[in-house]
Visitor: 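Take a look at the following structure, please.
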Amino acid sequence: MTTLTRRDMLRAGFTTAVVVGTSAAVAPIVLADPQARAAAEPPAPAAPSAGPGGFDEIYRGRRIQGGPTAPVRYAAARTGAAAAPAAGPGVEITIDGRPLHVMRRADGTYLSLVNHYQSFPTPLEVARAAVDEIGTAQLSTASFHHH
Amino acid sequence: MHTRKNHKDLTREERARFVGAVLEVKRRGVYDEFVRLHGRYFVSDGEGGQRVGHMSPSFFPWHRQYLLEFERELQKVDPSVSLPYWDWTTDQSTTSSLWGDDFLGGNGRPGDHQVMTGPFAFQGGNWPITVGVTEEKYLMRDFGRPADPVALPTPQQLARAVDDPVYDSAPWDSTATTAGFRNKLEGWTVGEKEGWHNHNRVHLWVGGQMTGGTSPNDPVFWLHHTFIDLVWARWQRKHPGAGYQPRRPLPAGDPQHGRVISLDEPMSPWNVRPSELLDHTRFYHYA
């Protein structure tokens with residue numbers, strides 16, 4: 001069965017990240033509240049893109065892209081329960097175009113739906129850690145985290 | 001009133017009954033609702049909104065109620081069943097009966113980390129992963145995470161949390177400035193080289209679904225959290241003068257106002273207050 005050794009093969013084959021540029025039109029967005037985003041975001045480049053603090057690279061055969069986004073009422077949109085004004089993680093990340101749900105910790109680090117019990121200093125590190133964990137699997141597009 | 005036991009003390013029949021009830025709750029579609037609920041209530045402390053389940057004082061009572069709700073579903077199937085626990089400080093072998101073919105099954109295989117043994121292996125047909133972070137439909141484990149090794153917590157690491165006489169403290173979150181038992185046991189770490197303690201570390205050690213936002217997909221989740229629940233009871237016994245904090249709602253000027261649950265505030269989604277859950281002997285005993 002070919003999947004048996006897929007991560008081993010990936011790890012052997014793609015040990016270096018390759019930057020592929022910043023201009024590509026990309027991918028769906030992680031956010032749950034398009035109205036809030038439209039209101040808050042400058043009409044600039046399609047997100048996520050490799051602007052300041054952004055990245056767009058091939059890591060272990062997966063295209064990971066990330067870029068900053070404007071704060072939105074993120075947790076409230078997700079849980080339907082929160083009362084306080086909610087800030088989002090400030091970043092959106094995709095793996096092969098599929099959104100990786102990312103959260104921010106109070107110390108400024110990032111965790112994702114893939115790595116939920118550990119956090120990472122930067123968006124790039126949380127994206128790479130997710131690829132390390134999922135190997136060749138595709139992120140699910142079904143959302144249970146924000147409705 | 002029922003008794004929760006170390007899984008090692010279950011009889012062969014008790015093991016079979018537990019597994020059978022879990023599979024039936026899954027078959028009824030109820031199990032996946034528990035998976036979704038846990039994910040929905042994972043709110044991180046760097047974002048707004050109320051944190052009821054994680055990175056906050058109500059980590060213990062929220063999970064106590066969550067376990068009670070699940071245990072009641074098991075008991076609807078088989079009234080003799082209760083949640084067993086896994087003491088990961090002493091029961092660390094990958095060949096423990098915990099991972100036996102008649103109980104939770106073993107480690108994932110190399111490569112795709114698919115669990116191939118036991119009642120929860122995909123090919124058995126009873127345990128499809130339907131609420132997943134990825135599209136893979138099979139249960140995965142990766143004991144010890146060989147690509148980036150992590151060890152199970154030691155008795156000393158657990159004791160470091162249990163010995164703390166303070167339940168929790170401002171700023172009531174996951175950061176290093178939050179002193180107390182709850183933060184040490186939940187195991188978020190800031191500025192410590194080895195990283196990730198106790199509760200979090202066990203999630204990382206098991207690997208697969210346990211590392212992610214759908215961790216209850218692995219039935220070991222329940223045995224892990226039942227032990228966490230027992231540790232809370234041990235902490236209470238060790239520090240009889242201490243108690244749940246914060247005792248009162250935080251004032252409007254507090255940055256955590258409205259974001260953490262004090263002793264008598266209701267916890268979503270059950271509207272149960274921590275104060276109603278402090279004494280577990282109202283519901284069950286630990287053997």
Side-chain angles (χ1 to χ4, degrees), chain A residues 1-9 11 71-90 95 98 100-119 129-130 132-147, chain B residues 35-37 39-52 54-55 109-114 130-136 142 145 147-148 150 171 173-178 187-191 195-196 199-204 207-208 210-215 257-259 268-269:
Chain A
M1 188 162 179
T2 53
T3 54
L4 196 64
T5 58
R6 55 182 196 161
R7 278 177 221 202
D8 302 332
M9 287 159 49
R11 279 169 183 151
V72 289
R73 292 177 178 275
Y74 193 82
R78 186 173 61 238
T79 65
I95 300 177
R98 295 196 177 194
L100 173 69
H101 184 94
V102 178
M103 297 176 176
R104 200 85 189 262
R105 278 182 64 209
D107 67 355
T109 60
Y110 299 84
L111 62 148
S112 79
L113 207 54
V114 172
N115 298 93
H116 228 39
Y117 298 93
Q118 183 175 11
S119 62
D132 289 341
E133 183 63 36
I134 70 174
T136 57
Q138 288 291 344
L139 292 172
S140 172
T141 53
S143 166
F144 61 89
H145 235 273
H146 42 94
H147 298 271
Chain B
V35 178
R36 287 192 189 90
L37 189 144
R40 273 205 305 280
Y41 282 87
F42 198 115
V43 175
S44 189
D45 57 6
E47 304 178 11
Q50 191 175 76
R51 304 187 307 281
V52 67
H54 302 86
M55 303 187 188
R109 65 183 174 184
D112 67 1
H113 303 160
Q114 182 173 174
T130 51
V131 183
V133 173
T134 64
E135 291 185 339
E136 287 150 320
D142 186 26
R145 200 173 62 182
D148 182 13
V150 58
D173 60 14
S174 72
T175 60
T177 48
T178 295
W188 295 97
T189 309
V190 179
W196 326 117
H199 158 264
N200 277 7
R201 178 170 284 247
V202 175
H203 279 274
L204 300 181
M210 274 287 276
T211 66
T214 64
S215 50
H257 171 73
R259 298 177 65 193
S268 189

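Reminder, nothing fancy here: chain letters follow the sequence lines and each chain counts from 1. Since the model is a prediction, treat every value here as computed from it, not as a measurement.
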Visitor: Is it true that a side-chain atom of A/D107 and a backbone atom of B/T175 form a donor plus acceptor pair closer than 3.5 Å?
Guide: no
Visitor: Given a strict heavy-atom distance threshold of 4.5 Å, which part of B/M210 is in contact with chain A: side chain, backbone, both, or neither?
Guide: backbone
Visitor: Checking B/E135 now: which residues fulfil side-chain hydrogen bond (donor to acceptor under 3.5 Å, both in side chains) with it, not counting sequence neighbours?
Guide: A/R98
Visitor: For a quick test of reading the model, state the closest non-hydrogen atom pair linking B/G208 to A/E133 and the distance between them.
Guide: N-OE2, 3.9 Å
Visitor: How long is the gap from OG1 on B/T211 to CG on A/L113, to the nearest 0.5 Å?
Guide: 10.0 Å
Visitor: For residues A/A106 and B/D173, report the shortest heavy-atom separation together with the two atoms involved.
Guide: CB-OD2, 3.7 Å
Visitor: So which heavy atom on A/Q118 is nearest to which on B/R145, and how close?
Guide: OE1-NH1, 3.0 Å
Visitor: What is the minimum heavy-atom distance between B/W188 and A/H116, and which atoms define it?
Guide: CH2-O, 3.4 Å
Visitor: According to side-chain hydrogen bond (donor to acceptor under 3.5 Å, both in side chains), who are the partners of B/H203, at least two apart in sequence or on a separate chain?
Guide: B/H199
Visitor: Any side-chain heavy atom of B/F42 within less than 4.5 Å of one from A/L111?
Guide: yes
Visitor: With a 4.5 angstrom heavy-atom cut-off, is it the side chain or the backbone of A/S119 that approaches chain B, or both, or neither?
Guide: both
Visitor: Would you give the length of the straight line joining atom CD of B/E136 to atom CD of A/Q138, rounded to the nearest 0.5 angstrom?
Guide: 10.0 Å
Visitor: For a quick test of reading the model, state the closest non-hydrogen atom pair linking B/G132 to A/S140 and the distance between them.
Guide: O-CB, 3.3 Å
